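Structure record follows, encoded as structure tokens.
Please read these numbers as outputs of a predicted model, since none were measured by experiment. For ligands, and for the atoms within them, numbers begin at 1 and follow the listed sequence. We're numbering straight along the sequence, starting at 1.
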Amino acid sequence: MSAKNMKRILVTGATGQIGSELTMELRKKGHKDSVIAAGHKKKPSDKLSESGPFEYVDTTDRENISKVVKKYDVDTIYHLAAVLSAIGEENPQLAWHVNMDGLYNVLEVAREHKLARVFWPSSIAVFGLKASRVNTPQDSVLIPRTVYGVTKVAGELLCNYYHGRFGLDVRSVRYPGIISSETPPGGGTTDYAVEIFYEAIRRNHYVCFVKEDTVLPMMYMPDCMKAAIDLMEADASKISHRTSYNVNAMSFSAGELAREIQKYIPSFRCEYKPDFRQKIADSWPMSIDDFVARKEWGWKPSYDLTSMTKDMIEKLSERFAKNMV
Ligand code: SER
């Protein structure tokens with residue numbers, strides 16, 4: 001099915017880091033009134049609520065999802081609502097409840113209502129110390145150390161099961177850390193790569209919670225949205241993996257990022273005070289091999305460290321100047 005034929009799209013987690021921009025991007029792509037943004041507790045921005053429908057949805061309540069799906073005749077769901085890795089370690093029970101019950105409910109509603117397609121993001125957190133940390137292959141041993149990673153592995157297997165057992169067209173990518181200027185991430189291990197920009201512009205100073213030489217895979221928001229939309233628009237015959245695809249964009253250390261920012265803000269100083277999130281970062285890959293996604297559905301990112309940093313500084317400086325942050 002091409003994007004043009006998609007009737008109605010529901011985006012859960014639409015007030016979050018990825019959802020707030022992906023909803024706008026899908027609306028821009030011609031789905032304006034047919035993209036229903038769903039948030040849970042957080043009030044939507046004016047931009048989000050004024051550009052199309054908005055609903056409060058608790059994804060741990062299946063009936064709640066079902067009602068919205070029926071009300072808008074939804075046929076596609078981007079299910080982004082989740083608890084991230086750092087908050088997950090502080091509250092594993094909450095992470096399991098939101099991530100697993102939420103996904104199970106979305107898949108069940110999709111099966112019951114015979115929805116056309118579901119997108120669900122997995123993460124580099126699926127890998128653990130048994131997988132090689134450099135150019136981690138698509139098919140690796142998945143024994144994560146965080147509850148967040150556990151919910152992502154279980155989620156991948158559940159998506160794969162719903163595809164095999166019920167024929168549900170569910171698609172997924174393993175996102176690296178996502179960097180963006182619109183909505184800050186909430187409670188992840190890769191959040192430092194976003195916070196550093198805000199603090200560099202605001203205070204010329206940042207205390208980073210991972211060590212200077214910590215390397216993790218990252219991706220800039222335009223590529224993050226492209227990965228989701230490209231995969232969702234790909235012909236089904238090209239999708240051989242119904243767990244989740246590795247998608248790579250860039251890898252750098254916290255120190256390299258700080259030095260790249262210093263090219264624009266020479267007085268910027270970064271200190272390193274690792275906390276509990278260091279252990280999480282050390283259990284994740286430094287770079288991942290996305291050969292399969294490139295070959296099967298043509299995945300190709302546009303941004304690297306240099307172009308991402310330039311754009312982030314420009315966009316955020318503009319937002320700070322307009323008092324939008
Ligand atoms: N960015 C996420 C986190 O840090 C990883 O998927 O939790």
Side-chain angles (χ1 to χ4, degrees), residues 12-13 16-22 78-92 94-96 98-100 102-103 119-128 131 133 136 140 142 144-156 159 172-198 208-211 214-221 223-225 227-228 231 243-254 257 274-288 290 293 301 303 308 312:
T12 74
Q17 185 195 15
I18 300 176
S20 58
E21 294 201 48
L22 185 62
Y78 285 74
H79 175 46
L80 308 177
V83 168
L84 295 183
S85 59
I87 293 195
E89 285 317 287
E90 281 164 355
N91 194 343
L94 178 76
W96 180 265
V98 172
N99 295 3
M100 291 319 301
L103 175 62
F119 175 82
W120 172 76
S122 183
S123 162
I124 52 161
V126 293
F127 302 109
R133 292 191 64 212
T136 312
S140 299
L142 305 180
R145 293 169 66 123
T146 59
V147 69
Y148 174 73
V150 171
T151 65
K152 290 298 183 186
V153 175
E156 285 194 11
C159 288
S172 176
V173 296
R174 291 174 182 148
Y175 279 133
I178 303 299
I179 299 172
S180 66
S181 56
E182 181 84 23
T183 308
T189 301
T190 56
D191 292 15
Y192 65 89
V194 180
E195 287 171 8
I196 193 171
F197 283 98
Y198 282 76
C208 183
F209 58 75
V210 296
K211 288 188 285 187
T214 304
V215 176
L216 283 174
M218 300 281 175
M219 183 179 283
Y220 195 33
M221 184 55 85
D223 283 330
C224 167
M225 296 191 291
L231 179 59
T243 50
S244 194
Y245 284 97
N246 281 7
V247 282
N248 198 35
M250 59 184 103
S251 283
F252 50 75
S253 68
L257 176 59
D275 66 14
F276 73 100
R277 289 167 282 192
Q278 183 69 50
K279 200 170 155 203
I280 302 177
D282 289 343
S283 74
W284 288 356
M286 292 190 267
S287 58
I288 51 178
D290 60 0
Y303 285 86
M308 176 276 292
M312 271 297 281

| request: Decide side chain to side chain donor-acceptor pair (under 3.5 Å) for Ser251 and Ser287; before the verdict, give the C-alpha distance in whole Å, the side-chain angles of both, and the deciding distance to 0.1 Å. | output: CA-CA 6 Å; Ser251 283; Ser287 58; 4.8 Å; no

| field | side chain to side chain donor-acceptor pair (under 3.5 Å) between Gln278 and Thr214, intermediate numbers included | value | CA-CA 8 Å; Gln278 183 69 50; Thr214 304; 3.1 Å; yes

| message | Does the plane of the ring in Tyr192 sit parallel, tilted or perpendicular to the ring in Phe209? Use 30° and 60° as the thresholds. | response | perpendicular

Output a table of donor-acceptor pairs, distance under 3.5 Å, between side-chain atoms of residues 81-89 and any protein atom two or more places apart or on a different chain; print 'none' if there are none.
unit_1 : atom_1 : unit_2 : atom_2 : d
Ser85  : OG     : Thr189 : N      : 3.1
Ser85  : OG     : Thr189 : OG1    : 2.7
Glu89  : OE2    : Val147 : N      : 2.9

| Residues in ring pair (Phe, Tyr, Trp, His ring centres under 6.0 Å) contact with Tyr198, at least two apart in sequence or another chain | none

| field | Interfacing atoms of ligand 1 (cut-off 4.0 Å, heavy-atom, Leu84) | value | 7 (O)

| task | May I ask you to check if ligand 1 and Asp191 share an N or O to N or O distance below 3.5 Å? | result | no

| said: So if I count the atoms of ligand 1 from 1 in the order they appear, which ones are less than 4.0 Å from some heavy atom of Ser123? | reply: 5 (C), 6 (O)

| task | Just need the protein heavy atom nearest to atom 1 (N) of ligand 1, so name the residue and atom and give the distance. | result | Thr190 OG1, 2.8 Å

| Any sub-3.5 Å donor-acceptor pair from Gln17's side-chain atoms to Ile178's backbone N or O? | yes

| field | Per-atom contacts, ligand 1 versus Ser85 - under 4.0 Å to a heavy atom | value | 3 (C), 4 (O), 7 (O)

| note | Under 4.0 Å between heavy atoms, the region of Trp284 that gets near ligand 1 turns out to be side chain

| field | Element-labelled atoms of ligand 1 that are located less than 4.0 Å from some non-hydrogen atom of Thr189 | value | 3 (C), 4 (O), 7 (O)

